[in-house]
Amino acid sequence: MSFVILVWGANFAVVKAAMNELPPLPFSAIRFGLATVALMALLRWREGDCKFPPGTLKKFLWLGIVGNTIYQCLFCLGLYYTTSANASLILTTTPVTVAIAAGLLGLEKITRNLMIGLALAFGGIVIVVAMRGAALSSSTMWGDLMMLGAVFCWAAYVLGLRTVAVGISSLRVTTLTLMTGAPGLLLLGLPGLAQIDGRRIGLAAVFGILFSSVVALVICYMLYNRNVRLLGSVRVSIYGCVIPIVAAIVAWPVLGERPTWIQAGGAALVIGGVLITRRR
């Protein structure tokens, strides 16, 4: 999970830079198409086929559409129309959303340590992101709303993973959810792909596609899905609170945003909160 958080934290800057050269929907179509092909090849090599286990097609269909098609559209468009600071702040409400939903649905027991750690982590994130200039305004409203929609989609996806049979490997779960989610993204991205001038695509876009597809999708999705089933959806989601800290650190050399001592204090709250949630 530490590796996943490092990659996803850096992915904000990588995707933002790539979308300066590629529109959001074509960018998502390319990265998910590439990731799906890579995972299918890997699954066939490791397990012999890419078949859906009996009786699971409908479940993987809605997991793929909600967790990949709709989520990625909202995430990329939201990031395009709002600031990275706003996007980071809104996405950190995901653990709270997952915890509340899991408690209401009776999927997980919400302990006192979990709630204390969650409150500390969320408070620390507000401090870290607010110092980066997060602010609600009419110019970012639609992007902010899209990011909020992405939060609800990801929460539904994470909780839905808990219903997948334990006997199905994490590699197969990840591949099948991308197989069902990628077609929608490809269809939405095709009109934009046809209008792209290949001469305008630079190293930032190429690196962004490779990093965000192979590392952030193929590798990190497999690790994330495996940990949801081992540790629980709420506990794994709380690790996401660290993502804005990583994003702020990456923004230092890339964007020249120097972290402040106040942000360091907020980061300490986040790390302390995550450590508390790990206590039984």
Side-chain angles (χ1 to χ4, degrees), residues 1 4-5 7-9 11-12 15 28 32 58-79 82 86-111 114-126 129 142-164 170 173-174 176-178 180-181 184-185 216-217 220-244 247 270 273-274 277-278:
M1 279 309 301
V4 172
I5 296 312
V7 171
W8 285 354
N11 200 45
F12 274 93
V15 170
S28 292
F32 265 81
K58 289 183 179 179
K59 183 174 291 184
F60 279 111
L61 190 61
W62 82 259
L63 279 173
I65 292 173
V66 172
N68 289 321
T69 308
I70 302 176
Y71 171 80
Q72 287 297 329
C73 284
L74 291 173
F75 174 80
C76 285
L77 288 170
L79 188 58
T82 190
N86 278 20
S88 300
L89 180 58
I90 293 169
L91 283 180
T92 53
T93 63
T94 302
V96 180
T97 305
V98 172
I100 293 173
L104 291 174
L105 294 173
L107 295 175
E108 292 192 32
K109 183 180 179 181
I110 309 302
T111 64
L114 203 59
M115 292 308 297
I116 292 172
L118 196 57
L120 281 175
F122 187 69
I125 283 302
V126 171
V129 180
W142 288 112
D144 295 336
L145 288 174
M146 288 178 188
M147 294 304 296
L148 187 60
V151 168
F152 292 126
C153 286
W154 189 255
Y157 171 76
V158 171
L159 294 174
L161 285 175
R162 297 297 306 279
T163 66
V164 176
S170 296
V173 169
T174 307
L176 297 182
T177 53
L178 258 70
T180 53
L185 290 169
L217 283 180
C220 288
Y221 263 45
M222 282 195 296
L223 293 174
Y224 189 91
N225 292 347
R226 179 177 181 273
N227 280 305
V228 165
R229 299 164 80 182
L230 289 176
L231 304 176
S233 51
V234 176
R235 197 173 301 277
V236 169
S237 294
I238 289 172
Y239 279 86
C241 291
V242 185
I243 290 177
V270 173
V274 172
T277 64
R278 296 184 63 189

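Scope of the values below: all heavy atoms of this structure, side chains included, with no hydrogens, waters or symmetry mates.
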Report summary line: For Val7 and Ala216 the tightest heavy-atom approach is CG1-CA, 3.8 Å
**Report entry** Residue pair Cys153 / Leu74: nearest heavy atoms and the distance that separates them
**Finding:**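 Scanning both residues completely, I find the closest heavy atoms to be SG-CD1, 4.1 Å.
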Is the shortest side-chain heavy-atom distance between [X] and [Y] below 4.5 Å?
{"X": "Met146", "Y": "Phe75", "value": "no"}
{"X": "Ile65", "Y": "Ile70", "value": "yes"}
{"X": "Leu185", "Y": "Gln72", "value": "yes"}
{"X": "Val173", "Y": "Leu63", "value": "no"}

Measure from the side-chain N and O atoms of [X] to the backbone N and O of [Y], and report whether any donor-acceptor pair falls under 3.5 Å.
{"X": "Trp154", "Y": "Tyr71", "result": "no"}
{"X": "Asn227", "Y": "Leu223", "result": "yes"}
{"X": "Thr69", "Y": "Gly184", "result": "no"}
{"X": "Lys59", "Y": "Leu161", "result": "no"}

Could you measure the distance from the [atom1] atom of [X] to the [atom2] atom of [Y]? Nearest 0.5 Å is fine.
{"X": "Thr174", "Y": "Asn68", "atom1": "OG1", "atom2": "CG", "value": "9.5 Å"}
{"X": "Phe152", "Y": "Met147", "atom1": "CZ", "atom2": "CE", "value": "13.0 Å"}
{"X": "Thr180", "Y": "Trp62", "atom1": "OG1", "atom2": "CH2", "value": "11.0 Å"}

Query raised in the report: Would you call the rings of Phe32 and Tyr221 parallel, tilted or perpendicular if under 30° counts as parallel and over 60° as perpendicular?
Result: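 Aromatic pair Phe32/Tyr221 classed perpendicular.
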Query raised in the report: Just checking, any donor-acceptor pair under 3.5 angstrom between side chains of Ser170 and Asn225?
Result: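 There is no such pair (donor and acceptor under 3.5 Å, judged by atom type) between the side chains of Ser170 and Asn225.
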